[in-house]
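Sharing a structure here in structure tokens format.
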Amino acid sequence: MGDDANHFSCALSAVLLARVQDYGGEEAVAQLLARAGSTRSADQLRDIVNWISYDEAVALWRAGALVTHHPQFARAVGEDAGRRLGGSHVATLLRSLGSPEAVYRQIATTATKYSTVAELEAVEWGPGFADIVAVPVKGFRRHADHCAWTCGLLSQPPVLFGLPPARVEHHRCAAFGAAACEYRVTWRPANAGAGGDSSEQIEQLRSQLDAMKERLHSMFDTAADLIGAGRLEEVLARIAERAAVEVRAPRYLLTVRMTPDGERLCHHRGFREEDVDGYATELLRRHPAQHPDSWLVVAVRSNRRDYGRLLAMYDEGVRFFPEERDLLEVYARYAASALDSASALREAEERYAQSSALLRLARALAAAGTSAEVARRLADSVPVVVDCDRVGVHLWDATAGELAQEAITESGDTTPQRTPGATRWKPSPGGALERLLLDPKPDPIFVDAQTGDDALRRLIVNRGLAATMLVPLATPGRFLGLLTVSVDHGPARLAPGPDLLDRLSGVAAQATTALQNGQLVDQITYQALHDQLTGLANRVQFTTELRSAVHQARQREGSVTLFYLDLDRFKPVNDEYGHDAGDELLTEFAARLKSCTRGEDLVARLGGDEFAVLLSTPTADDVEKLGRRIAAAVAEPFGVGGRTVAVGVSVGRAVYPLDADDADGLLRNADAAMFEVKRRRRTEPGQTQGRAVTATR
């Protein structure tokens, strides 16, 4: 096992060095490397794209235990992975599997992201448990520190989902003579315990959001590299390096040719120099689907030509996640775009201006986060890339089954207009939109008064357009939206020649990737700001909106009214009929409360059976009407689990600036007013708070 062996990802050594540095600073790190006899620099060991040998890993574990005086150092390093790598690309990929159970079920693939010297398999699993077997790869004797590190690492998948670490029991150990290591992993399932927001879960959602944004910026930094400074070879090298961060594997090889008979360009990591030529020849000779499962091969191909292949490779018997192929294909498309740009620059000097425009688009999209922001940036940037008078970005609303206009830029505008839902397009049977939905293809569609689908031709004529290029934003099997590029005069400006089609395809590729990430950001942002049971705003969102409303009211000398509500006799219902009945009651009450309010009011569940309603710029009549509607809403009994229950609600009210001069004070006073109402109800004769009634069956 030489120093160049690819046995452990430097995700291990990066976490290990971080723990040592936390203990004693850079001096302790230098001591660690000296004791381990490492020939690598600390920076090399911190670069998670690199891999190290088994002997190096064992030496680092031993040295770390001596430097930090930690008796369970290797296990602690494994446990650190969940905390220190929680926002990494690998963590994001593992979260996409949906649950800790799914991560353990696919442990054979998951484990290869960190190590290739043992074959892990889940032999049995279920909610809250998994039995894992680790068999050493031939030629590797299991070391006790390796087992301890594995125990630590196996405890971390629940952490990725906002749960406490798993408990790992190591029943048999190959380091002490057993044929294989056997682990029993148990954890608390996600649905165990009471409902409500968890600060841990919110923190994990924020971590996912940060990881999605980091991925978005990494991808579009790569897009910027395609057209920015540097020779083609440098650009391809950067693309290959960033692909290595996204898709973790011990070996990478990018091999391409500018022309079919041109010089072969290769960028690699993890291969011996003398072996590169043979692998490159094999990659180009065979179709990507003909390679072993342990080879993830994608074509570096554009509309212009097939340039070559991009390879991520494990040793025999290791498989990749399906999502990793999608990620590697993104970088293969970037490589193809770089090669396209280089070819175009050789053919015509004017390609430089077009490439600069694509760079500005890439930077604009990289600055976007949500899908709405992507749409606005796209509408603003396309006129720089394509000669046109109008650009529209329409996103597919799967819930409504419609294509909704999200942003539009017209000739002379300096800022894209956001007009969500202003124009909605429902697919008609057999129409162009239905065909795109059934068979989403990225090919642009040209329409003018004489060319294209009849319905589309009538549509552009009715809108006074001379021609439109419809650019689908789609991945294989999934339609995301539609980019419309139109001209008011001179339809030949959008004639579908190779140059224009290449530019639009480049725009579509970048926009599609941005929208995919934007939708993930949308989803994670929504989860972080909404109560999972009722769908109402949660305390985090409500507090932010309350402070903003008070700030705006202070500037315009307006007012803000806050209702604080607490259900009466909720606990008896919850205790007598169970948590499911309690959840059903909370959900129904949330729906009734929402129906009482105006569209601009914010309704939130603050926790348990406490709710709030925020009214910005209300009139006295608005406030009184809302109070009456709330009283009427709870007057009707609730149907809960086949029973009818009647509950009351205590409502406290506070007004800025009469009752408080800031948001926190307003919330405290509304809460105090609610408790005063509840206190009076308990003490005044004849007052009741509602009662629970079982329906006759």
Side-chain angles (χ1 to χ4, degrees), residues 4 6 47 49-51 218-291 295-314 324-325 327-349 351-352 354-356 358-359 362 498 502 505-506 509-510 513:
D4 59 345
N6 298 315
D47 185 351
V49 174
N50 294 328
W51 288 66
S218 174
M219 288 183 172
F220 286 104
D221 281 347
T222 304
D225 282 341
L226 305 187
I227 306 159
R231 296 161 46 244
L232 174 64
E233 290 82 1
E234 295 170 347
V235 172
L236 294 176
R238 286 194 291 268
I239 291 171
E241 289 294 322
R242 285 185 175 146
V245 172
E246 289 281 356
V247 182
R248 198 75 59 80
R251 299 185 182 92
Y252 291 86
L253 175 59
L254 173 65
T255 178
V256 294
R257 283 193 174 98
M258 288 280 292
T259 60
D261 55 350
E263 179 186 1
R264 187 165 61 198
L265 302 175
C266 291
H267 296 278
H268 66 90
R269 179 185 287 270
F271 290 93
R272 292 184 301 181
E273 199 65 44
E274 59 268 27
D275 295 335
V276 171
D277 187 70
Y279 279 103
T281 300
E282 185 71 4
L283 278 177
L284 294 175
R285 185 179 66 84
R286 298 166 64 179
H287 187 276
Q290 295 177 329
H291 295 290
W295 292 28
L296 182 54
V297 183
V298 297
V300 180
R301 180 187 299 130
S302 73
N303 291 337
R304 295 173 62 90
R305 64 173 63 97
D306 188 336
Y307 291 102
R309 302 288 184 266
L310 176 59
L311 163 71
M313 179 181 170
Y314 279 102
E324 291 179 295
R325 174 173 295 279
L327 288 172
L328 200 63
E329 285 178 344
V330 169
Y331 287 92
R333 289 200 297 271
Y334 283 145
S337 298
L339 290 158
D340 279 346
S341 298
S343 298
L345 285 169
R346 289 181 179 183
E347 297 169 2
E349 201 169 345
R351 296 291 290 178
Y352 174 78
Q354 297 169 359
S355 297
S356 297
L358 287 174
L359 171 58
D502 278 350
S505 294
Q510 295 186 41
T513 303

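Remember, predicted model here, so these are calculated numbers, not experimental data.
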Per the side-chain contact (heavy atoms from CB on, under 4.5 Å) rule, which among Leu253, Leu310, Leu254 passes with Leu283?
Leu253
Would you compute the distance between atom CG of Asp275 and atom CD of Glu282 and round it to the nearest 0.5 angstrom?
13.0 Å
Quick one: CZ on Arg309 to CZ on Arg285, what's the gap to the nearest 0.5 Å?
12.0 Å
Any residue meeting side chain to side chain contact (heavy atoms under 4.5 Å, CB included) with Ala336, in chain and number order, not counting sequence neighbours:
Val300, Ser302, Tyr307
Applying side-chain hydrogen bond (donor to acceptor under 3.5 Å, both in side chains), can you list everything that pairs with Glu273, at least two apart in sequence or on another chain?
His268
Not counting sequence neighbours, which residues clear salt bridge (charged side-chain N to carboxylate O under 4.0 Å, His left out) with Arg301? List them please.
Asp306
Does any part of the side chain of Arg264, heavy atoms only, come nearer than 4.5 Å to the side chain of Thr281, both counted from C-beta?
yes
Smallest heavy-atom separation, Met313 atom then Pro250 atom, equals O-CD, 3.3 Å
For Gln290, what residues pass the side chain to side chain contact (heavy atoms under 4.5 Å, CB included) criterion, not counting sequence neighbours?
Arg286, His287
Specify the closest pair of heavy atoms between Asn6 and Gly270, including all atoms of both residues, with the distance to one decimal.
ND2-O, 3.2 Å
Identify the heavy atoms of Thr255 and Cys266 that sit nearest to each other, and give their distance.
OG1-SG, 3.5 Å
Quick one: does Leu311's side chain get under 4.5 Å of His291's, heavy atoms only?
no
Of all residues at least two apart in sequence or in a different chain, which pass the side chain to side chain contact (heavy atoms under 4.5 Å, CB included) check with Glu241?
Val49, Arg269
Phe271 meets the ring pair (Phe, Tyr, Trp, His ring centres under 6.0 Å) criterion, sequence neighbours left out, with Tyr279
Using atom types as modelled and distance alone, determine if a side-chain donor or acceptor of Arg305 lies under 3.5 Å from a backbone N or O of Met258.
yes
Non-hydrogen atoms of Gly308 and Leu284 that approach each other most closely:
CA-CD2, 3.5 Å
Taken in chain and number order and not counting sequence neighbours, the residues that satisfy side chain to side chain contact (heavy atoms under 4.5 Å, CB included) with Ala237 are His267
